[in-house]
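These notes are about the structure you will find just below.
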Amino acid sequence: MQTTEPSSSIVYRKPTPGDAGAVWRLVKESGALDANSAYCYMLLFLHFAETCLIAEREGRIQGFVTAYVPPTDSRALFVWQIAVAPEARGRGVAKALLRRLLELPAGRRAERLEATVSPNNALSRRLFEALARDRGAPCETIAGEGFAAEAFPEQGHEAEPLLRIRLKPDH
Ligand SMILES: CC(C)(COP(=O)(O)OP(=O)(O)OC[C@H]1O[C@@H](n2cnc3c(N)ncnc32)[C@H](O)[C@@H]1OP(=O)(O)O)[C@@H](O)C(=O)NCCC(=O)NCCS
């Protein structure tokens, strides 16, 4: 699948393991995300490409989202990381990545979109709240779920509580 936003020259497409290096660099340069190895992105783009997307302009990666369906919870779609290059921010690229993620087969099946968001990451929270608002869906932080600050080995790492957007009514 490869689609282009009508209002820009950004192409949204599935990743391949060959994109791992550029995504790894983007994450490193974002400063706001946990650094993972490039190998981690190679694995994701090999095994979870159906639930990840790249935003690209003229062959340069401008943003990406990585997500997966948790093996223990097939009704959820868990968004692991999303980032947009500093020069492309504030133009709706992240929201388009999430919107398009939800248009993929796994996104259409999902009843809940979940992510963990640290309380100080206001931009990330704003992004998920904007997505929820556009869909007329509630966006809640689930107390006691996600990861506590003490779970992280690094000193001073913030807690990452679970954020949940209900995509379909409960049944
Ligand atoms: C968070 C991030 C992905 C947002 O990307 P983006 O493409 O700039 O976001 P969008 O343009 O799609 O905007 C999404 C919403 O946030 C708002 N927003 C974006 N940047 C903003 C800013 N600097 N100030 C205030 N609001 C802002 C937008 O207005 C929009 O809300 P709206 O629909 O109500 O207007 C980007 O800032 C980033 O890469 N940050 C570093 C990595 C990170 O923190 N990732 C999230 C954790 S996994």
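For clarity, every value in this text was computed on a predicted model and none was experimentally measured. Counting starts at 1 for both ligands and their atoms, in listed order.
- Looking at atom 12 (O) of ligand 1, its nearest protein heavy atom turns out to be K95 N, 2.9 Å.
- Residue E129 places every heavy atom at 4.0 Å or more from ligand 1.
- Some N or O of G92 is nearer than 3.5 Å to an N or O of ligand 1, by distance alone.
- Against a heavy-atom cut-off of under 4.0 Å, R91 is close to the following atoms of ligand 1: 11 (O).
- The aromatic rings of H157 and F152 lie parallel to each other, their planes meeting at an angle below 30°, with 60° marking the opposite boundary.
- Relative to atom 48 (S) of ligand 1, the option among V27, L26, V65, L33 with the closest non-hydrogen atom is L33.
- Closest to atom 41 (C) of ligand 1 among all protein heavy atoms lies R89 NH2, 3.6 Å.
- Counting only heavy atoms from C-beta outward, the side chains of N36 and Y41 approach each other to under 4.5 Å.
- The shortest N/O to N/O separation between S30 and ligand 1 does not fall below 3.5 Å.
- By the 6.0 Å contact criterion, CH2 on W24 is open, its count of non-hydrogen atoms from other residues, nucleotides or ligands being 12 or less.
- Residues I165 and A137 share a closest heavy-atom pair of CG2-CB, 3.9 Å.
- Not a single N or O atom of Q81, backbone or side chain, sits closer than 3.5 Å to an N or O atom of ligand 1.
- Counting the atoms of ligand 1 from 1 in the order shown, those under 4.0 Å from a heavy atom of S124 are 46 (C), 47 (C).
- Looking at S74 and R109, their side chains never bring a donor and an acceptor atom within 3.5 Å of each other.
- Side chain of Q81 to backbone of D34: a donor-acceptor contact under 3.5 angstrom is found.
- Of all protein heavy atoms, the one closest to atom 39 (O) of ligand 1 is V84 N, 2.8 Å.
- Closer than 4.0 Å to atom 33 (O) of ligand 1 lies at least one heavy atom of the protein.
- For atom 35 (O) of ligand 1, the nearest protein heavy atom (residue, atom name, distance) is R133 NH2, 4.7 Å.
- Of the candidates A94, A96, A88, the one placing a heavy atom closest to atom 2 (C) of ligand 1 is A94.
- Residue W80 places no N or O, backbone or side chain, under 3.5 Å from any N or O of ligand 1.
- The two atoms that bring A67 and L101 nearest to each other are CB-CD2, 3.9 Å, heavy atoms only.
- Atom CD of E87 is surrounded by more than 12 heavy atoms from other residues, nucleotides or ligands within 6.0 Å.
- Proximity of L131 to L113: side-chain heavy atoms (C-beta onward) are separated by under 4.5 Å at one or more points.
- By the neighbour-count criterion of 12 heavy atoms within 6.0 Å, atom CZ of F78 is densely surrounded, having more than that number from other residues, nucleotides or ligands.
- Exactly one of V65, D19, V11, T16 qualifies for a side-chain contact (heavy atoms from CB on, under 4.5 Å) with I54. That residue is D19.
- Across T116, L123, L127, heavy-atom proximity to atom 23 (N) of ligand 1 is greatest for L123.
- Atom 29 (O) of ligand 1 is never approached by the protein to below 4.0 angstrom, counting heavy atoms only.
- By the neighbour-count criterion of 12 heavy atoms within 6.0 Å, atom NZ of K168 is densely surrounded, having more than that number from other residues, nucleotides or ligands.
- By the 4.5 Å heavy-atom criterion applied to side chains, L102 and L77 are counted as neighbours.
- An N or O contact shorter than 3.5 Å is missing between D134 and ligand 1 by distance.
- Scanning the protein for heavy atoms near atom 31 (O) of ligand 1, the closest one is A130 CB, 3.5 Å.
- Regarding atom 25 (C) of ligand 1, its nearest protein heavy-atom neighbour is R126 NH1, 2.6 Å.
- Nearest to atom 44 (O) of ligand 1 among the protein's heavy atoms is N121 ND2, 2.9 Å.
- Using a 4.0 Å cut-off between heavy atoms, V117 makes no contact with ligand 1 at all.
- Residue G90 places at least one N or O, backbone or side chain, under 3.5 Å from an N or O of ligand 1.
- Considering L98, I82, L131 only, the shortest heavy-atom separation from atom 45 (N) of ligand 1 involves I82.
- A salt bridge links K95 with D134; the closest basic N to acidic carboxylate O contact falls under 4.0 Å.
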